[in-house]
Amino acid sequence: MDHQFTGIPELTETPRVAVVVDVMRAFTVAAWAFSRGAERIVLASTEREALALKEGGGDWLALKDGAPAPGFDAVNSPALLRSADFGGRTLVQKTTAGTVGALAVAQAPLVLCASFAVAGPTARYLRSRAAGPVTFVVTGEDGRAEEDLACAEYIARRVDGDGADPAPYVHRARTSRAAGELAEGLRGGSHPDDVALCLEVDRFPFAMVAGQEGPLTVLRPVAVPAAGTD
């Protein structure tokens with residue numbers, strides 16, 4: 001199938017089906033947050049907006065890239081979230097690339113956010129919807145991030161029904177610039193286990209679908225049957 005792979009700056013029109021990929025770390029973090037009980041994640045365009053949404057939401061929580069900051073309850077690290085209890089909570093997420101990419105295609109009829117952690121369920125969800133060609137938004141480094149492109153290409157292969165071996169794609173992500181910076185502690189708000197968690201394939205049994213709920217762009221988990229049961 002003739003899928004398209006594009007960076008955020010290259011988006012010139014609203015696609016029909018978009019998969020927004022951020023492996024290190026926005027949509028690995030989102031997957032972990034859902035696994036820890038979060039009900040939904042509201043995507044914010046700026047840190048100021050994230051704090052305003054948190055304040056207006058009552059018991060909402062906010063998380064961001066980088067080091068901890070006043071008003072934010074968490075940072076964009078899967079390892080630092082893996083023992084959190086978000087049962088029934090709404091999180092507001094603002095990151096440098098992932099949330100920007102999702103908001104850029106928020107008006108598309110179908111938007112999913114993805115990482116290796118939900119790659120298989122994302123592909124199966126798209127097949128179940130007979131979605132047709134997909135625009136994969138490679139969020140990191142203006143579309144050049146190797147970890148995001150590798151993940152996008154892996155999901156595309158699985159959408160097409162090819163039993164792709166994840167190993168070569170994970171290797172590309174493991175040797176990417178982002179993985180190196182995380183491993184060396186060059187990115188704020190990180191944990192030594194972040195890279196390993198970002199490279200886990202199909203850790204969770206759900207896809208993450210973004211949609212408009214009033215003025216908000218909201219990400220929610222959608223359970224997807226395992227291969228052979230759908």
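- Taking CZ of F136 as the start and CG of L112 as the end, the distance is 9.5 Å to the nearest 0.5 Å.
- Annotation: R82, atom CZ; neighbour count of heavy atoms from other residues, nucleotides and ligands within 6.0 Å is above 12.
- Expressed to the nearest 0.5 Å, how far OG of S128 lies from CG of L126 amounts to 7.5 Å.
- Counting heavy-atom neighbours within 6.0 Å of D85 CG, excluding the residue itself, gives a total of 12 or less.
- Side-chain atoms of T135 never come within 3.5 Å of backbone atoms of P15 as a donor-acceptor pair (strictly under, hydrogens ignored).
- Annotation: the span from L216 atom CG to I41 atom CD1 amounts to 13.5 Å, rounded to 0.5 Å.
- Taking 4.5 Å as the limit, every side-chain heavy atom of T28 sits out of range of all side-chain heavy atoms of F116.
- Applying the side-chain hydrogen bond (donor to acceptor under 3.5 Å, both in side chains) criterion to E49, with sequence neighbours excluded, gives S45.
- Minimum heavy-atom separation, A31 to V118: CB-CG1, 4.0 Å.
- Residue pairs that meet the ring pair (Phe, Tyr, Trp, His ring centres under 6.0 Å) test with at least one member in residues 32-51, sequence neighbours left out, are W32-F204.
- Contacts classified as salt bridge (charged side-chain N to carboxylate O under 4.0 Å, His left out) and involving residues 98-108 (residues at least two apart or in different chains) are not found.
- Within 6.0 Å of the CD atom in E10, the count of heavy atoms belonging to other residues, nucleotides or ligands exceeds 12.
- Residues R89 and R40 form no side-chain contact, since every pair of their non-hydrogen atoms from C-beta on lies 4.5 Å or further apart.
- Q93 contributes atom CD, which lies 8.5 Å from atom CG of D65 (distance to the nearest 0.5 angstrom).
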